[in-house]
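Below is one structure; the comments refer to it alone.
Chain letters run A, B, ... following the sequence lines, proteins first, then strands; residues in each count from 1.
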Amino acid sequence: MPELPEVETIARGLAPQTEGRSITAVHVLNATSVEGRRPLLETGAPGMLIRRVHRRGKLLLMDLTAPDATPPAGDLPVNLAFHLKMSGRLFVYGKETPPEAHTRLILDLSDGNRLFFDDMRKFGYCRALAEQDFGEWAFWNTLGPEPLEIGEEDFVALLRHRRTRIKAALLDQTVIAGIGNIYADESLFRAGIRPDTACNAVSEARLRSLHGILQAVLQQAIRECGSSIRDYRDAHGDAGAFQNNFLVYGKGGEKCTVCGRKLATAKVAGRTTVFCTKCQR
DNA sequence: AGATCTACCTGGTTGC
DNA sequence: TGCAACCAGGTAGATC
C-alpha cells in the first residue's frame with residue numbers, strides 16, 4: 001500500500017543509488033509486471049542514463065536520457081514509471097544477489113548493481129514511455145493535482161461542489177493524486193469529518209481545515225519515512241514509522257483516542273473505513 | 001454523475 | 001491437523 005509518503009520515501013532512497021547510472025540490461029521475469037510497450041522497455045532502455053528519480057501521485061518515475069545528453073533520437077524511452085500498487089518494492093542490490101521468489105523485473109546498472117522490482121501480488125507494473133506515449137496514457141493524463149502543492153483555495157474549489165462522498169473523492173486519483181486508504185482515513189479523522197459525508201455537505205471552513213490537516217499528515221509521514229504495515233519497506237529495506245501515529249486505520253473496534261467510543265468500521269468507496277461516530281460528523 | 005460489483009493476485013488469518 | 005473461506009488493497013472496466 002505504498003501511498004504518496006511511501007513512494008516519496010522510496011524515490012528519495014533510490015535516487016542516490018541510481019541517478020547518474022545507465023541501464024545496461026533489462027530482465028523481465030514476469031510479463032504481466034510490464035505495462036505498455038514491452039520492447040520499448042527491454043530493448044529501448046538498455047543504454048539509457050537514469051537522470052532523475054522522483055514521484056508523481058503514487059507513481060515512481062525515472063527520467064531517462066541518452067548518455068550524451070542529446071535528446072533521444074527515434075523510439076527510445078524517456079521515462080520509466082513504476083506503480084507499486086499493494087505489494088511492489090524497489091531495491092538496489094549487488095550483482096551477486098539472486099532474484100527472489102517475487103522478483104518481477106531486474107534492471108542491470110552501469111555501476112554493477114541491480115535494481116530489483118519485487119511484487120508478490122503482481123498488481124504493480126513498470127511502464128516504459130517514449131515522449132509520444134504520454135499522450136495515450138489515460139491514467140497519467142487524468143491524474144489530479146499533488147496534495148502537497150495545491151493551495152487552499154484550489155483544494156476547496158476541487159471538492160466543494162461534488163456530490164460524491166468525501167473519502168471517495170480523496171481516493172479518486174483523478175481528483176487528487178497520491179492518497180490511499182491510510183491517509184484518507186487518518187486525515188478525515190483529524191479533520192473531524194465523517195468519510196461518508198457528501199463533499200458538498202462539508203462546510204467550506206472544514207474543507208479549508210482538511211487541506212491543512214492533509215498536508216500536515218502527509219508531511220509528517222514523509223518525515224517518518226512512511227508507514228510500514230505488512231510488506232512495505234523503503235529503498236533501504238527499512239520500515240517507516242508513521243504507523244505508530246495511526247489513530248483510526250486498522251483500529252476498528254478499538255477505543256477512539258479522543259472520546260473513548262468504539263471506532264466504527266464501514267465500507268466507503270469499496271474500502272474498509274474506520275472512523276469515530278462521535279468525533280467525525 | 002455516481003455507486004456497486006468484479007477482476008486481478010497471493011500470503012496470512014480465521015473458522016470449522 | 002487440514003483445508004476452505006475470507007481478507008487486504010489500487011485501478012480498470014462493466015453495469016445499473
Show me, pair by pair, the donor-acceptor contacts under 3.5 angstrom made by side chains of residues 274-281 of chain A, not counting sequence neighbours?
unit_1   : atom_1 : unit_2   : atom_2 : d
A/Thr277 : OG1    : A/Arg261 : NH1    : 3.1
A/Gln280 : OE1    : A/Cys276 : N      : 2.8
A/Gln280 : NE2    : A/Leu188 : O      : 3.3
A/Gln280 : NE2    : A/Ile193 : O      : 2.9
A/Arg281 : NE     : A/Lys278 : O      : 3.2

- prompt: How many Å lie between CH2 on A/Trp140 and P on C/dG10, as a whole number?
  reply: 20 Å
task: Kindly say if A/His83 contacts the phosphate of C/dT11, meaning a side-chain N or O under 4.0 Å from OP1 or OP2.
output: yes
- prompt: Does A/Arg271 place a side-chain N or O at less than 4.0 Å from the phosphate oxygens OP1/OP2 of C/dG10?
  reply: yes
Extract from the structure each pairing of a protein N or O with an N or O of nucleotides 3-7 of chain B at less than 3.5 Å, listing the distance.
unit_1 : atom_1 : unit_2   : atom_2 : d
B/dA3  : OP2    : A/Thr164 : OG1    : 2.6
B/dT4  : OP2    : A/Arg165 : NH2    : 3.0

task: Could you check how far NZ of A/Lys122 sits from P of C/dG10, rounded to whole Å?
output: 20 Å
Compile the donor-acceptor pairs under 3.5 Å between side chains in residues 251-258 of chain A and protein atoms, sequence neighbours left out, one pair per line.
none

message: Rounded to whole Å, how long is the line connecting atom CG of A/Leu171 with atom C1' of C/dG10?
response: 9 Å
message: From the set C/dG9, C/dA12, C/dA8, return the single nucleotide nearest to any side-chain atom of A/Phe139.
response: C/dA12
message: Nearest whole Å is fine: how far is C/dA12 C1' from A/Gln173 CD?
response: 13 Å
task: Kindly say if A/His102 contacts the phosphate of B/dG11, meaning a side-chain N or O under 4.0 Å from OP1 or OP2.
output: yes
query: Salt bridge or not for A/Arg51 and A/Asp63, using N-O below 4.0 Å?
result: no
message: Using the side-chain heavy atoms of A/Tyr249, tell me which of these nucleotides is nearest: C/dA8, C/dG10, B/dT10.
response: C/dA8
- request: Take the protein atom CE of A/Met120 and the nucleotide atom P of B/dT10, then report the distance between them rounded to whole Å.
  value: 9 Å
message: Using the rule that Ile, Leu, Val, Met, Phe, Trp and Tyr join whenever any side-chain heavy atoms are under 4.5 Å apart, tell me whether A/Leu109 and A/Leu41 fall into a single cluster.
response: yes
message: Taking the six-membered ring for Trp, are A/Phe116 and A/Phe91 closer than 6.0 Å centroid to centroid?
response: no
- prompt: Ion pair present between A/Lys58 and A/Glu3, side-chain N to carboxylate O less than 4.0 angstrom?
  reply: no
query: Given atom CG of A/Asn181 and atom C1' of C/dT11, what is their separation to the nearest angstrom?
result: 14 Å
task: Can you tell me the distance, in whole Å, between the CZ atom of A/Arg89 and the C1' atom of C/dG10?
output: 18 Å
query: What is the nucleic acid contact for A/Thr32, judged by heavy atoms within less than 4.0 Å: base, sugar-phosphate only, or nothing?
result: nothing
field: Pair A/Tyr183-A/Ser227, side-chain donor/acceptor within less than 3.5 Å
entry: yes
- prompt: Atom NZ of A/Lys58 and atom P of C/dG9: how far apart are they, to the nearest Å?
  reply: 11 Å
5'-most by nearest nucleotide on DNA chain C - A/Tyr125 or A/Lys267: A/Lys267
